[in-house]
Amino acid sequence: MKQAIALEVNGDTYEVLVSPNQTLLEVLREKLGLTGTKKGCDLGACGACTVLLDGAAYLSCLMLAVDAVGKKIVTIEGLSQGGELHPLQKSFVELGGLQCGFCTPGIIMTAKAVLDEEPQPTEESLKKKMAGNLCRCTGYKKVLDSIMGATARMGGER
Amino acid sequence: MEKQFSVVGRRLPMLDAAAKVNGSAQFTDDLMLPGMLHGKILRSRLPHAKILNVDVSKAARLRGVKGVVTGAEIPDRQYGIVPKARDEYALAKGKVRYIGDEIAAVCAIDQEIAEEAVELIEVDYEELPSVFDPLDAIKEGAPIIHEGVANNTSFAIRKEFGDVEGAFAASHLVSEDSFYSQPVNHAPLEPHSAVAQHDPIRGQVVLWSSTQIPFFLRRNLAATLQIPESRVRVIKPKVGGGFGQKIDMFAKDFCAAWFAMKLGKPVKFTYERDEVFIGTRQRHPMYLKVKTGMTKDGKILGQQFLAYADGGAYNSTAPTMMALSCFFLMVPYHVPNLLYEGYHVYTNKPVGGAMRGHGIPQARFAVERQLDMMAERLNLDPAEIRWKNSIKAGEPHPGGFVINTCGFAESVRAAAKAIGWKEKRGKLPFGRGVGLGGASFPSGVTNMSHISSGAVVQVGQDASVNVLTGAADIGQGAETVIAQIVAEVLGVSLDDVRVTAADTGATPLDPGTFGSGVTVRAGNAARIAAESVKKRLFECVADELEANPEDLVAKDGVIFVTGSPEINIPFAKALKAYQYKDLPMPLVGRASWMADTSEPTTLFNQPGNFSPSYSFMTQAAEVEVDTKTGKVKVIKMATAHDCGRPINPMLVEGQLEGSIAGGMGQALYENVITEKGQVMNPSFLDYGFPTTLEVPEMESIDIETDDPVGPFGAKEAGEGTQLSPAPAIVNAIYDAIGVHFNELPVTPERILKALEERK
Ligand code: FES
Ligand code: FES
């Protein structure tokens, strides 16, 4: 009943044996050891498990691993390049866009997808697009400030 | 005060921020140990029942199951966070008291098998009559939830200060009103988790746990496993928020340790989100009756309270919660005469526990609402009433508090100004309004030796500084604040300081994160330890600098002579000099610190000075009520805040902003809904706390005081600010639509209903 699949994650190909009902979240965390992607609810309601599939944000707790075959998957571990933090990550560090950090990977991945699509969002648009990512610590102010701060930092380069 | 400090008072990123943004920060559920087994807990489906029999045979026979345990097998030792109120077993013995009460646990080679196995456990229950409301539970003939606890009242407190009857007689206006605060779930984003491993070499069980209180957890775990404390080592990985919910020990901690010891393999238990809602802790729902007497010009003469807290099935922090709700009625206002009667009552519902504010938000809501109602009747300005009744530093306090610094009166004026009070209050168009709320909170607890913190500061051969502290950083940035304090004392940069924290096997005793005591308590321990290092370093280099050690200063990486900065030696060179003199390495400073006071108290019996210092704040809200949908939008929240001198203003702001969102949830959205003891909304979707869409504009005004006790003058900054947003919002709703809401939350349905009735 388990099947062998190949997943392309952060530029590497992993062959894994999965059951048909296993979520991408579970496979990332339990089989590939990519624990940066978090499980806050397992029901698609918090955004902590957000990853990129071919550049778009997906909730990995709602996606079956088998459905991610053939897509380019990027997790929080794959965002920084050559040990350098991504401008979004730097912005969160410097502007205090995190406290406990449990929501942070998911928030940053969603923000990455949002900014790739809309490099200079208005505050209203950003609030709307980030509304699926819950944070219980920050009250979101510094989260939004960090994303806005990153837009300046990122300029054309993404 | 410009550039008085180099590291303290600066907006510096958290030490672990980079690890948190790149996914490498490890939380308990991220730990994977070789051969690790997975556990699952069976919870009661009934609110109140005798357990006649638990048949685990089918579960035990399932392939892949390695162990099953029921309440009947565990040691007969109850636990609880407050020693006098222990009433809980990790797995229920003989009877269950709420839907979600733990009955048994299984441990298997993977999570799926563990989940399948718990379903195979058969429980024979004998259902008992249940009771779901504290006002019913106190009645004669109500079902008894805990044997021997009459009227289900597990804790009662009655305190009288001054002469309340006399005060009422002398009052111009006496008002008596009733209030209700709902159950609120802390809902930390990280679900509770525990991983345990047996260390056969040291004969220890090692527990990694999403806990706020590693050392109390060690004590409770050792007691319930009936092994010496030295045989338990608790390590706190990153914790994904707590807000009080992670103060107690839970079944997952006990069961992980139990199986790890029995099976010799690592074991993990992680709760599902619905288990966090149902089976951990929540803010106590509370009924409050408040009677207040005032003079004609709005001075409070006396107050009388009757409080019933719905504790759910167990005590958790009950006595402390009730005592706090009583004593903190006497700050931030001067209440010369007070009578408080409070009862903690068991019901067959989810368990109440410490939650940000801990018993005070419920009381604060009632008082702040009533102040506005009385101001209106006296035709006085609510801001003026608050200012007029402000408690002052140094003033004798009826409850025995010693208030060294107090920026409350100033905070009223500053918050009112920031929201545009004069121009707006009573003057905005229908549907818009402004409101205020005031509050105060302790900075930890005085003079109890088990509430002490230790610290070790060690300077390595490369001049790097390592701090060992038992303080539990749960996301608020405690480790960063402690490192800033040490860096400031030694005159090094934050980059030079490493923190090793919260491992009962390696770091000194610390009570953990509760009561907002970390910065003051653990911060002072770290400060003193660093000072002792500094002293020895100064003694060592004094000759070279041709100065007295007392005349030396350490700042920005150099040690220099006061007034002559050109006579100096860099910190790293000073350490070299120390080594060349063949003085013993490592250079270590140690300290143990507790808040000292002449009149110690837990508040249960005698009054006294509960805390070394008190924070003060006023919050002002502007809201817009959509009269068609009943939805309330908080447009702005201004906070004027006296938290002493902030060690890291960015982190303080973060605490404040998070509390505003929390307070908004309490005011408008959040409510753990139960029907016959069953939680009806145990998911993020159904529960609903604020998202990015709801956050208002936030302005924060720092009323800086220099507290004599706190390190560098700091006071608490993490909890007080969650006390006043809810009343400020509800007071603003009154200003907007002219309706008094004395029950929380103020939902769109209730607003629409009220508007309908007004027509
Ligand atoms: S874990 Fe996927 S949305 Fe919460
Ligand atoms: S930082 Fe803790 S949940 Fe967002």
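Residue numbers begin at 1 in each chain, while the letters A, B, ... track the order of the sequences.
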Does any backbone or side-chain atom of [X] lie under 4.5 Å from a heavy atom of chain A? Answer side chain, backbone, both or neither.
X: B:Asp29; result: both
X: B:Leu189; result: both
X: B:Ala187; result: both
X: B:Met32; result: side chain

Whether over 12 other heavy atoms sit under 6.0 Å from A:Lys72 NZ
no
Can you tell me if A:Lys127 has over 12 outside heavy atoms packed within less than 6.0 Å of its NZ?
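Result for NZ/A:Lys127: enclosed.
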Taking NZ, NE, NH1 and NH2 as the nitrogens, is one of them in A:Glu117 or A:Lys129 under 4.0 Å from a carboxylate oxygen of the other?
yes
Partner chain B: residue of A:Lys141, A:Glu77, A:Glu94 with the largest heavy-atom pair count (under 4.5 Å):
A:Lys141
Leading residue by heavy atom contact count with chain B [cutoff under 4.5 Å; candidates A:Met130, A:Glu124, A:Arg29]:
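Result: the option with the highest number of such pairs is A:Arg29.
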Find the one option among [options] whose heavy-atom pairs under 4.5 Å with chain A are most numerous.
options: B:Arg273, B:Met14, B:Arg11, B:Lys20; value: B:Lys20
options: B:Pro191, B:Gly242, B:Ser659, B:Ala661; value: B:Pro191
options: B:Glu697, B:Glu653, B:Gln111, B:Glu190; value: B:Glu190
options: B:Asp30, B:Leu12, B:Thr691; value: B:Asp30
options: B:Gly662, B:Gly23, B:Ala19; value: B:Gly23

Rounded to the nearest 0.5 Å, what separation is found between the [atom1] atom of [X] and the [atom2] atom of [Y]?
X: A:Cys46; Y: A:Arg136; atom1: SG; atom2: CZ; value: 13.0 Å
X: A:Thr35; Y: A:Glu30; atom1: OG1; atom2: CD; value: 9.5 Å
X: B:Trp208; Y: B:Lys238; atom1: CH2; atom2: NZ; value: 16.0 Å
X: A:Thr151; Y: A:Glu118; atom1: OG1; atom2: CD; value: 10.5 Å

Close aromatic pair by centroid cut-off 6.0 Å: B:Phe689 and B:Tyr669:
no
Do you know the tightest heavy-atom contact between B:Val239 and B:Thr211?
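Where B:Val239 meets B:Thr211 most closely, the heavy atoms are CG2-O, 3.7 Å.
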Under 4.5 Å from any heavy atom of chain B, what part of [X] do you find: side chain, backbone, both or neither?
X: A:Leu34; value: neither
X: A:Lys39; value: both
X: A:Ile108; value: side chain
X: A:Lys142; value: both
X: A:Leu79; value: neither

Which of these, A:Leu24, A:Leu32, A:Val16, sits in a side-chain contact (heavy atoms from CB on, under 4.5 Å) with A:Val9?
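Only one option passes, and that is A:Leu32.
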